[in-house]
Protein chains: 2
Amino acid sequence: MAHLSIIGTGNMGQAIAAVAGRGGHTVQLLGQSDAATTVTGDIVVLAVPYPAVSAVIAERGESLAGKVVVDITNPLNFETFDSLTVAADGSATAEIAAALPQSRVLKAFNTNFAGTLAAGKVGDLDTTVLIAGDDVDAKRDLAGVVTSGGLEAIDAGSLARAREVESIGFLQITLAAGEKVSWTGGFGVVAA
Amino acid sequence: MAHLSIIGTGNMGQAIAAVAGRGGHTVQLLGQSDAATTVTGDIVVLAVPYPAVSAVIAERGESLAGKVVVDITNPLNFETFDSLTVAADGSATAEIAAALPQSRVLKAFNTNFAGTLAAGKVGDLDTTVLIAGDDVDAKRDLAGVVTSGGLEAIDAGSLARAREVESIGFLQITLAAGEKVSWTGGFGVVAA
């Protein structure tokens, strides 16, 4: 059983907390009024929008040493919906990993709309969480939380693949915003 | 009814030809021995690997003026499977559009494995072709070919989105090569 801390109480934070709860894991859900509360999870999900990540790291970075830190962000320029705000050859996850060198940083959940985490389905497909990162044990632990909560998980590769996973999240958001796909649909993964 | 020329007789070229044929369109399929044959299609699919595109453009570029040109490539470094070979903020499609300023260049089919074009299915989902480009009429014409051939088509946005569409193709190939998904599966699109 894992113990998670989820920083951020928006629809993604709540949906991820529910997945972990369904899997029998314990969750510490931390909102903006909990700044003084110590993070207790072994897996810490940064369930805040990308522009808020740097403040979380500034406040809590030292306490995240040794922990698995999960970046779920889609660093879009939400004014134009036409670009990401991170370096073209980088990713939000790479930035976070550089800022938290003592943490085991993963990318996950950014290609999952909150509704598909809650329902466990993308259309008729089981919802699949893509997990990228360099720490194989950390990826396995997070995948265990995801699958015990009724979803599928796929190891999407190294931390470098966060760039491509963020591209998928970006395109999926533009398709939903443009009503080409619904917010309960999008990209599903067919494994077999 | 459209008339397509497909340059390249590999499994992708053949699969795209079959889709067009199912839709009642006519196809000129051109192989390496057809270098002297004039391209007659209004829609020209460059169904060759990325490293072969520049030679096709050098040989046939002038004859492609005014035509819809469809880039299907995934410009991976196939030695490392760890990067694309195009600029991080660009795409193969952007390069081709720059080389063919008088053509109407689209990205399409690169997120579809040949088997999913032939079957019309990704698992239980209808196969969806993502089409990116700046020419709305060209995208509509290609989407018409795709949908008349029994597949789904989604307008994935401007030519700039080819970058993200290539990232999806890249990640999907690494997942299939790593046996995380099958070559008849991968990313499907759930619209509703």
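In this text, all values refer to a predicted model and were calculated from it rather than measured experimentally.
Note on A:Val145 and A:Ile6: same hydrophobic cluster, where clusters join Ile, Leu, Val, Met, Phe, Trp and Tyr whose side-chain heavy atoms are under 4.5 Å apart, directly or indirectly. When the side chains of ILVMFWY residues are joined at heavy-atom separations under 4.5 Å, either directly or via intervening members, A:Val105 and A:Leu64 end up in a single hydrophobic cluster. Two different hydrophobic clusters hold A:Met12 and A:Val56 under the rule that ILVMFWY side chains link at heavy-atom gaps under 4.5 Å. A continuous path of hydrophobic side-chain contacts links A:Leu106 to A:Ile72 [ILVMFWY only; heavy atoms under 4.5 Å]. By the criterion of side-chain heavy atoms lying less than 4.5 angstrom apart, applied directly or through intervening Ile, Leu, Val, Met, Phe, Trp or Tyr residues, B:Leu171 is not grouped with B:Phe109; the two fall into different hydrophobic clusters.
Nearest heavy atom pair, residue A:Ala156 against residue B:Leu175, reads CA-CD2, 3.9 Å.
A donor-acceptor contact shorter than 3.5 Å is absent between the side chain of B:Arg161 and the backbone of A:Thr174.
The residue among B:Leu84, B:Val122, B:Asp89 with the most heavy atom pairs within less than 4.5 Å of chain A is B:Val122. Your options are A:Ile154, A:Leu125, A:Asp82, and the one with the most heavy-atom pairs under 4.5 Å with chain B is A:Asp82.
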Quick one: side chains of residues 30-48 of chain B, donor-acceptor pairs under 3.5 Å with protein atoms, not counting sequence neighbours, listed by atom name and distance.
{"unit_1": "B:Asp34", "atom_1": "OD2", "unit_2": "B:Gly31", "atom_2": "N", "d": "2.7"}
{"unit_1": "B:Thr40", "atom_1": "OG1", "unit_2": "B:His3", "atom_2": "NE2", "d": "2.8"}
{"unit_1": "B:Thr40", "atom_1": "OG1", "unit_2": "B:Gln28", "atom_2": "OE1", "d": "3.1"}

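Using a 4.5 Å cut-off between heavy atoms, B:Thr128 does not touch chain A at all.
Interface with chain B: from residues 176-190 of chain A, residues A:Lys180, A:Val181, A:Ser182, A:Thr184, A:Gly185, A:Gly186, A:Phe187, A:Gly188, A:Val189, A:Val190 qualify, criterion being any non-hydrogen pair under 4.5 Å.
Within 6.0 Å of the CG atom in B:Asp124, the count of heavy atoms belonging to other residues, nucleotides or ligands does not exceed 12.
Interatomic distance, A:Gln172 CD to B:Glu164 CD, rounded to the nearest 0.5 Å: 13.0 Å.
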